[in-house]
Amino acid sequence: MMNTLTHHLNTAQQHAVCAPLGNLLVLAGAGSGKTRVLVHRIAWLMQQEHASPFSILAVTFTNKAANEMRTRVESLLGSSVNAMWLGTFHGLAHRLLRTHWKDAGLSENFQILDSSDQQRLVRRVMRDLNIDEERFPYKQAQWFINKKKDEGFRAQHLSAHHQPQEEMFIRIYAAYEEACAQSGLVDFAELLLRSYELWRDHDELRQHYRNRFRHILVDEFQDINGVQYAWLRLLAGENNFFTVVGDDDQLIYSWRGACADNLHKFKKDFPHVCTITLEQNYRSTSTILSAANALIDFNRDRFGKELWTDGAIGDPIRIYAAYNEIDEARFIASECLSWIDQGNTFNDVAVLYRSNAQSRVLEEALLQQGIAYRIFGGLRFFERAEIKDALAYLRLVNNRFDDTSYERIVNLPPRGIGNKSLETVRQHAREKSISLWQATHDVITHALLPARALTALESFLAMIDDLDNQTKNLALLESTEAIVNASGLIGHFQKEKGETGRTRIDNLRELISAAGEFNFDSVSPEEKETLTPITAFLSHATLEAGEHQADAMSNCVKLMTIHAAKGLEFPFVILCGMEEGLFPHQMSKGDPKGIEEERRLCYVGMTRAMRQLLLSYAESRRVYGQTHMASPSRFIREIPQQYLQEIRMQSKISRPASLAESSSFLNQKETSFRLGQYVRHTSFGDGVILDIEPNGEKTRVQIRFKTGTKWLIASLAKLESI
DNA sequence: ACCACCTGTTATTAT
DNA sequence: AACAGGTGGT
């Protein structure tokens, strides 16, 4: 069936958009019009199948993607679709829990913990349990808890199988759960797990939402984790129709529990799945696309999909070998300027990197050249310490049981409540199993501390209570302002020397105006019934930590991690830091699965580029304040030379002769070995190649055997391919 | 109790 | 290099 909605789509896209009601899996390669298909599918359902927006649930991963989808659907339909549930997994789970907080076993004004809040709390819990932090790093405990939650496990479900390490982590998990419950706190993973359990355990509720959401659409399906999958499955019934869109080659969140298997499982678990593959790429030049295809072909176990384009060949992918990271940044800045000279805009340029720490040097170079830029991700507005301090006041006023917020601000600014006093309060709270707030009251009534400390505690309690009374009937802007002013934070930061104090105060003022700008009206009518403006604002702050600043400035170069760039496209992409140990990251080396994920990440980065792609690496780089030498990323080597072009040194920096010699890796002879290849060694047995260091006759290969990982000289090792 | 200073640790990737 | 936590002086 053709109509105006679909006439500008290609055949495969049309099939996906107009597929009859049923379960639909769209395997959509990079740049093949994935979002377009989703948006049109929604419009199609409404126009042709007369689906009410009320019956549609559309899930994405990032707030950015959700906003874009809403905008595009609305412009396609020419009307607003407020009744449609469209958002991130976390956002929708949050909405669900606010509505059904009682059934979910939460307190009415529960607050959301971000990862640094969570870290503090895990730490506090561990201290309460007197756990040796040397043997059990709190970071690992936090990681353990989140991993288990992502898989759908509660502490009570877990057994350690006689492993002392595991046993301890389970104990911490259990204690952490208890602390969260007592303080009315919910972390990111908990949002998902809790809403899954809500539907699982309440038949009427599940049935209600099943009846309501007949059409469920999921973006980036390859990146969903165990709980998210289970959550979606609960909605699957006779009359529910799923459209899921994904690309196994773009799976980059397996460290968060995502698993390509979900794409396979979808076909098995959901009845009569119709699969459509989108392979025509509309984004990149054929050079960029062919290079990316060649790269991703190094991965095993792919669904197998070959993207093609009938677009222009375009320019070769350029490679710049920088002397160090400063040289690299300077070159990138000069590239931005010459891009402008060719009549383009800064807006077209994206500089992508593997880890946030790389942004600093880039920033300095761009600043020096006077190039407007914007960093996405990294430390975001609502994650700044001073903002979280102020928000902790708001949260405590809002919910006295929030121990995390209490701990944060009870003596900030210093008001004479020291560690000794606090320890008494903590211990009392622990013994009686009550919140720190209640414990403080007890400590005062029973006079368990010297008079001076009691007075300090008393005035702290009084201040919070007063603020509550004063702001009860005020609008969000006024109450935020009153709370920030009364907190004494501004005076505290004024004492801080240097520029930091000023910036912090500016940020606090910005927080007040953010509260003023926060549009409670944009909150869906359903949510308005269950949320107060202040709770809505606090949740917004945690769930969308500073997304709003993203679209603010338009004409500037964009800096972000490759993860953050997923789903976006830019005419000119610069992928920097293409070095072994950085990309692929050290943490992922040594595990073929890890390397494959890094390779997919590289694939995602490359396929963001429309017209121009530049790769750069530095031969030496400072890491933890120490200079390290690095060799170019294996991913550069995996791209066929025909698509590449090395850029000559332009910089005035004199480079050591030895480095100049070795820099032209493109001239190095290819070895006959491939990463991931399985080989047999006469004495070590069978193994898999993890790494290759090309060096002519002395080329070394790293191989993981059953007995361990070894570096061998390829020409001497007598390796047999198997 | 508070502040300044010192020391050891530490960074994938993100909702 | 940056930061958090601990130590010692006030």
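Every chain is numbered from 1 and lettered A, B, ... according to where its sequence line falls, protein lines coming before strand lines.
Checking the phosphate oxygens (OP1, OP2) of B:dC2, a side-chain nitrogen or oxygen of A:N411 falls inside 4.0 Å. Applying the 4.0 Å criterion to OP1 and OP2 of B:dA1, one finds that A:S421 has a side-chain N or O inside that range. Residue A:K139 places at least one side-chain N or O closer than 4.0 Å to OP1 or OP2 of B:dA11. Of the side-chain N and O atoms in A:R380, none sit less than 4.0 angstrom from OP1 or OP2 of B:dA14. The side chain of A:S115 places no N or O atom within less than 4.0 Å of a non-bridging phosphate oxygen (OP1 or OP2) of B:dT15. A:N356 has a side-chain polar atom (N or O) that falls below the 4.0 Å cut-off from OP1 or OP2 of B:dA14.
Between A:H90 and A:M587, the residue whose closest nucleotide on DNA chain B is further toward the 5' end is A:M587. Checking A:I417 against A:V623, the closest nucleotide of DNA chain B that is more toward the 5' end is the one next to A:I417.
The side chain of A:R123 lies closest to C:dA4 when the candidates are C:dA4, B:dT13, B:dA1. Listed nucleotides B:dC2, B:dT15, B:dT13 differ in distance to A:T88; the shortest reach to its side chain belongs to B:dT15. Looking at the side chain of A:P414, the nearest of the listed nucleotides B:dC2, B:dA14, B:dA1 is B:dC2.
The separation between A:Y353 atom OH and B:dA11 atom P is 18 Å, rounded to whole Å. Distance CG (A:L412) to P (B:dC3): 11 Å, rounded to an integer number of Å. Remark: C1' of B:dT10 and CD of A:Q142 are 15 Å apart, rounded to the nearest angstrom. In this structure, CG of A:L192 is placed 12 Å from C1' of B:dA14, rounded to the nearest angstrom. When rounded to the nearest whole Å, the span between CD of A:E190 and P of B:dT15 equals 19 Å. Note: CD1 (A:I595) to P (B:dT13) measures 17 Å, nearest angstrom. Rounded to a whole Å, the NE2 atom of A:H585 is 7 Å from the P atom of B:dT13. The distance from atom CG of A:D150 to atom C1' of B:dT13 is 14 Å, rounded to the nearest whole Å.
Using cut-offs of 30° and 60° for the angle between ring planes, the A:W199 and A:W231 rings count as parallel.
Within the 4.0 angstrom heavy-atom criterion, only backbone atoms of the sugar-phosphate kind lie near A:R415; the bases stay farther away. Note on A:Y253: only backbone sugar-phosphate atoms sit closer than 4.0 angstrom, heavy atoms only; bases stay farther off. Heavy atoms of A:R360 sit under 4.0 angstrom from primed sugar atoms or phosphate atoms, though from no base atom. Across all strands shown, A:D114 has no heavy atoms under 4.0 Å from either base or sugar-phosphate atoms. Within 4.0 Å (heavy atoms only), A:R120 reaches no atom of the nucleic acid at all.
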Task: Trace of the side chain to side chain donor-acceptor pair (under 3.5 Å) decision for A:Q250 with A:Y603 - done: CA-CA 7 Å; A:Q250 294 189 62; A:Y603 174 78; 5.8 Å; no
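Between A:Y253 and A:W255, the ring centre distance stays below 6.0 Å. In summary, the aromatic rings of A:F213 and A:W85 are positioned with their centroids under 6.0 Å apart. Aromatic rings from A:Y196 and A:F89 are positioned such that their centres are separated by 6.0 Å or more.
Put simply, A:F89 does not rest on the base of B:dT15: the two rings are not both less than 5.5 Å apart at their centres and under 30° in tilt.
Donor-acceptor pairing under 3.5 Å is recorded for the side chains of A:Q118 and A:Y176.
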